[in-house]
Amino acid sequence: MQALRRTSATLAALPRRAALVARPILAKPYHSYDHPSTQSSFNETETAILDAAYKHVPDLGFSQAALSRGARDAGYLDMSTTALQDGPFSLIRYHLVTRREGLAARSGEIFAGEGGQGVGVLDKVERLTWERLLGNREVIHKWQEALAIMAQPSYVPASLKELSSLADEIWFLAGDKAVDPTWYTKRASLSMIYASSELFMTTDKSHDFEETRAFLQRRLDESNKASGVLGAVGEWVGFTANAGLNVLRSKGVRI
């Protein structure tokens, strides 16, 4: 919690390049059926290794060790992981992509009993966003390590692109398919609300992450205020960069 309060000060100290990383969120309008599928994101060998390696993340984290173990489990030599040019970030991206794409199937289950009747778009957005956050439950204790990797300059654009895709997916599944002047603000707001809620979740020790859901609901209620969006941008950039530097230092890397 204390780390979240320090993010504004951290942001002010970041280089100008880092402060501009939110720009990729405002891409041209597109909907979930335009997003690449898991099959086009990872080839057959990559999928086999990543799927097997992902099972080791709760113990080994998003690491080269998890990738090597996954390669062996999938029947490949350890050196086969060199096919994953982004190393551990490939495993992080696998998590992000598969959990995002899994929302489509889960949305059918979530709203099946109601047939979509009586549930407003904003309520659906909240429930889908919460469902995606729960997708981090098994690896949340390793997520700050993932943030350290995502904070590296070469991976920030891909991380933000996936965050943008997630926001678009949630609005799409919630039934908001219109392209109008609010398209950008709705998705930018949700992107930042999700990111700040995810960061909150990394420090949440409450039962079933009850405090995280309450935090998410408060941020959604405040989403019509521009200060909420800007504050969340600072939280994502500041906390991610700070976490990245701390983890790298703990591993003896000179900064």
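Model, not experiment: these values are computed from the prediction.
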Could you check whether [X] pairs with [Y] (Lys NZ or Arg NE/NH1/NH2 to Asp/Glu carboxylate O, under 4.0 Å)?
X	Y	value
Lys186	Asp176	yes
Glu126	Arg213	yes
Glu162	Arg100	yes

With distance as the sole test, does [X] use its side chain to make a donor-acceptor pair with the main-chain N or O of [Y] at under 3.5 Å?
X	Y	answer
His56	Gly70	no
Thr202	Gln144	no
Asp208	Glu210	no
Ser68	Ala65	no
Ser164	Leu160	no

Is it true that the side chains of Glu46 and Ser90 contain a donor and an acceptor less than 3.5 Å apart?
no
Other residues, nucleotides, ligands: >12 heavy atoms within 6.0 Å of Glu44 CD:
no
Tell me if the CD atom of Gln217 is crowded by more than 12 foreign heavy atoms within 6.0 Å.
yes
Across all chains, not counting sequence neighbours, the ring pair (Phe, Tyr, Trp, His ring centres under 6.0 Å) partners of Phe89 are Tyr155
Interatomic distance, Thr182 atom OG1 to Arg187 atom CZ [nearest 0.5 angstrom]:
8.0 Å
To the nearest 0.5 Å, how far apart are CD in Glu198 and CZ in Arg132?
6.5 Å
Asp73: partners by salt bridge (charged side-chain N to carboxylate O under 4.0 Å, His left out), with sequence neighbours left out
none
